[in-house]
Asks: 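Provided herewith is a single structure, encoded as structure tokens, for subsequent inquiry.
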Amino acid sequence: MQCDYFDAGVCRSCTQIRVPYATQLESKDADAKALLHEHAQLRWLSPVASKESAFRNKAKIVVSGTHQNPVLGILNREGNGVDLSECPLYTFDILALMPVLRELIQRASLTPYSVPARKGELKNILVTASPSGELMLRFVLRSKKLLVPIRREISWLQQRNPAISVVSINLLREHKAVVEGGEEIILTEQQTLPMQVNGMDLHLRPQSFFQTNTAIAEALYAQGAQWVADAAPHTLWDLYCGVGGFALHSAQALPDASITGIEISEEAIASAQRTVDEKGLDNLTFIAQDATTFAVDAQELPECVVVNPPRRGIGEQLAQWLGHSGIQTVVYSSCNARSLVKDLEKMPSLKPVEGRVFDMFPHTNHYEVAVLLQRA
């Protein structure tokens with residue numbers, strides 16, 4: 001894929017962009033197989049390829065410059081803004097929004113935050129686009145100083161781009177190298193963004209996590225549901241369930257099973273519960289709790305567990321608990337194959353029997369890998 005930003009040397013995020021995409025995919029598949037080479041019984045399915053461009057459903061836009069001439073993109077090492085408003089990874093809906101955001105900043109005099117000077121108000125704009133074209137906008141501010149000007153312009157924003165459904169303010173008061181803070185103020189009547197995934201709406205609240213590549217997320221959830229359906233458990237846990245992707249797909253695949261989703265984020269659980277209510281799934285329960293605490297304290301065990309942890313993996317305590325639990329089937333979805341390997345070492349009684357690479361992040365070395373584990 002050709003990218004003017006990469007060619008100009010202003011952005012190097014896509015480190016593999018000059019490598020033919022077929023070669024990228026082969027390399028990721030080979031990397032996963034090499035990392036799990038000790039598991040001779042593991043059968044690999046064909047890797048799932050992504051689109052090469054216009055696949056990224058999220059934009060984390062650093063705002064710099066001035067309100068008269070805002071820069072939408074990233075910061076260089078000196079803390080100065082670099083324009084990436086036409087990044088070819090973004091969906092067309094996000095690209096079409098960029099001129100509107102620039103006009104809003106000028107119109108409402110939204111002063112960008114200067115990292116070197118530690119002055120200004122508007123730090124980042126976080127955008128999420130659904131497959132249907134609906135958009136969620138989150139303005140990351142240093143304080144509430146710009147709340148009223150932004151609220152005042154929501155009607156204008158939605159006239160300029162009717163796809164804008166959810167608008168919120170996120171407060172990041174500290175001078176930190178993080179994307180967002182913990183306090184969120186939703187400014188629109190609509191509070192969730194429906195993400196259409198395999199025929200169902202997964203509702204995202206402003207601070208809910210969802211995969212960056214919707215088409216690959218669909219394939220990942222479908223694979224997990226197939227493995228779960230083949231195992232045909234009567235009871236299942238989805239640990240680190242987020243907004244419920246694996247649990248909801250499993251509930252559809254196993255209408256007679258009892259399924260529980262566990263996620264520490266109360267916002268994500270509220271989003272997941274809304275989908276349950278809309279779909280009328282009476283075999284599915286969501287609980288806001290730490291996944292490891294829930295598992296080790298449980299009095300009754302399920303027949304099957306799905307885990308979808310962050311990059312650090314599930315950790316020693318949960319891995320050892322799973323290894324000694326007697327649970328027959330585990331589906332492990334990982335965004336970091338190296339932490340997956342470490343977790344597998346802690347539960348040798350669970351053997352990976354089938355695996356698949358999902359290319360969630362083209363043009364980088366990162367990928368998702370899912371494995372089906374069965375008790376030896």
Side-chain angles (χ1 to χ4, degrees), residues 57-75 79 81 83-85 90 93-94 96-130 134-195 203-210 243 265-268 270-271 274:
N57 60 28
K58 298 178 186 176
K60 298 178 181 179
I61 306 162
V62 179
V63 184
S64 57
T66 65
H67 77 265
Q68 299 97 334
N69 187 26
V71 178
L72 306 180
I74 58 175
L75 298 180
D83 176 80
L84 291 183
S85 59
Y90 293 147
D93 298 309
I94 293 177
L97 180 67
M98 293 294 185
V100 179
L101 294 178
R102 189 174 285 109
E103 186 177 352
L104 169 70
I105 293 168
Q106 295 167 339
R107 174 187 172 94
S109 297
L110 305 181
T111 308
Y113 181 73
S114 169
V115 171
R118 299 195 177 192
K119 293 181 179 180
E121 290 293 325
L122 177 57
K123 294 185 173 184
N124 306 314
I125 302 176
L126 311 180
V127 183
T128 305
S130 75
E134 284 189 83
L135 297 165
M136 177 190 291
L137 304 187
R138 303 172 61 210
F139 295 88
V140 181
L141 305 178
R142 186 184 185 189
S143 71
K144 294 183 180 180
K145 185 176 179 179
L146 296 181
L147 191 154
V148 172
I150 292 174
R151 189 195 299 273
R152 188 187 301 131
E153 297 295 342
I154 289 178
S155 178
W156 174 86
L157 262 177
Q158 293 178 323
Q159 288 176 358
R160 289 282 280 112
N161 191 326
I164 297 171
S165 300
V166 183
V167 179
S168 71
I169 298 297
N170 178 275
L171 295 178
L172 178 58
R173 303 177 190 273
E174 303 90 350
H175 181 81
K176 286 184 177 181
V178 295
V179 175
E180 61 186 90
E183 186 177 351
E184 199 86 22
I185 304 168
I186 301 178
L187 304 180
T188 49
E189 182 177 354
Q190 183 171 327
Q191 298 196 1
T192 66
L193 180 72
M195 299 290 288
H203 289 277
L204 303 189
R205 298 178 68 84
Q207 292 184 310
S208 297
F209 169 79
F210 188 78
V243 295
S265 167
E266 293 185 1
E267 278 222 344
S271 301
R274 178 168 177 180

Asks: Does some side-chain heavy atom of Ile105 sit less than 4.5 Å from a side-chain heavy atom of Ile125?
Replies: yes
Asks: How many angstroms lie between CG in Leu122 and CG in Leu146, if you round to the nearest 0.5 Å?
Replies: 7.0 Å
Asks: Could you check if a side-chain atom of Ile164 sits within less than 4.5 angstrom of a side-chain atom of Leu97, using non-hydrogen atoms only?
Replies: yes
Asks: Indicate yes or no: at least one non-hydrogen side-chain atom of Val140 is less than 4.5 angstrom from one of Val179.
Replies: no
Asks: Atom CD1 in Ile169, atom OG in Ser143: separation rounded to 0.5 Å?
Replies: 10.0 Å
Asks: Go through the steps to decide whether Glu267 and Ser265 satisfy the test side chain to side chain donor-acceptor pair (under 3.5 Å), and finish with yes or no.
Replies: CA-CA 5 Å; Glu267 278 222 344; Ser265 167; 5.8 Å; no
Asks: Can you find a heavy atom in the side chain of Thr128 that is under 4.5 Å from one in the side chain of Glu134?
Replies: no
Asks: Have a look at Ile185 and tell me which of Leu147, Leu141, Val167 forms a side chain to side chain contact (heavy atoms under 4.5 Å, CB included) with it.
Replies: Leu147
Asks: Do Gln158 and Thr188 touch side chain to side chain, with heavy atoms closer than 4.5 Å?
Replies: yes
Asks: If you measure from CZ on Arg138 to CD1 on Ile186, what distance do you get to the nearest 0.5 Å?
Replies: 9.5 Å
Asks: Under 4.5 Å between any side-chain heavy atoms of Leu126 and Ile61, yes or no?
Replies: no
Asks: Would Lys60 and Glu180 count as a side-chain contact (heavy atoms from CB on, under 4.5 Å) if you check the C-alpha gap in whole Å, the side-chain angles of each, and the deciding distance to 0.1 Å?
Replies: CA-CA 10 Å; Lys60 298 178 181 179; Glu180 61 186 90; over 6 Å; no
Asks: What are the two closest heavy atoms between Ala59 and Ile94, and how far apart are they?
Replies: CB-CG2, 3.8 Å
Asks: Quick one: closest heavy-atom pair of Glu184 and Ser168, and the distance?
Replies: OE2-OG, 2.5 Å
Asks: Return the minimal non-hydrogen interatomic distance between Ser271 and Ser208, and the atom names on each side.
Replies: OG-OG, 3.4 Å
Asks: Suppose the criterion is salt bridge (Lys or Arg N to Asp or Glu O under 4.0 Å): which pairs have a residue in residues 98-114, not counting sequence neighbours?
Replies: Asp83-Arg102, Glu103-Arg160, Arg107-Glu153
Asks: Do Leu172 and Glu174 come close enough that some side-chain heavy atom pair is under 4.5 Å?
Replies: yes
Asks: Which is it for Met195 and Asn57 under the side-chain contact (heavy atoms from CB on, under 4.5 Å) test, yes or no, and what are the steps along the way?
Replies: CA-CA 10 Å; Met195 299 290 288; Asn57 60 28; 3.9 Å; yes
Asks: Considering only residues two or more places apart or on different chains, which pairs with a residue in residues 109-123 satisfy salt bridge (Lys or Arg N to Asp or Glu O under 4.0 Å)?
Replies: none
Asks: Write down the atom of Gln106, the atom of Gln68, and the distance for their closest heavy-atom approach.
Replies: NE2-O, 3.0 Å
Asks: Among Leu72, Val62, Val71, Ile74, whose side chain to side chain contact (heavy atoms under 4.5 Å, CB included) with Leu84 holds?
Replies: Ile74
Asks: Considering non-hydrogen atoms only, spot the tightest contact between Ala108 and Pro149 and give its length.
Replies: O-CB, 4.3 Å
Asks: Tell me, with the steps shown, if Leu101 and Leu137 meet side-chain contact (heavy atoms from CB on, under 4.5 Å).
Replies: CA-CA 10 Å; Leu101 294 178; Leu137 304 187; 4.1 Å; yes
Asks: If you apply the rule side-chain contact (heavy atoms from CB on, under 4.5 Å), what do you find for Val166 with Gln190, and how did you get there?
Replies: CA-CA 6 Å; Val166 183; Gln190 183 171 327; 4.0 Å; yes
Asks: Tell me whether the guanidinium CZ or amine NZ of Lys145 lies under 6.0 angstrom from the six-membered ring centre of Phe139 and within 45° of its axis.
Replies: no
Asks: Nearest heavy-atom pair of Pro99 and Ala96: which atoms, and what distance?
Replies: CD-O, 3.4 Å
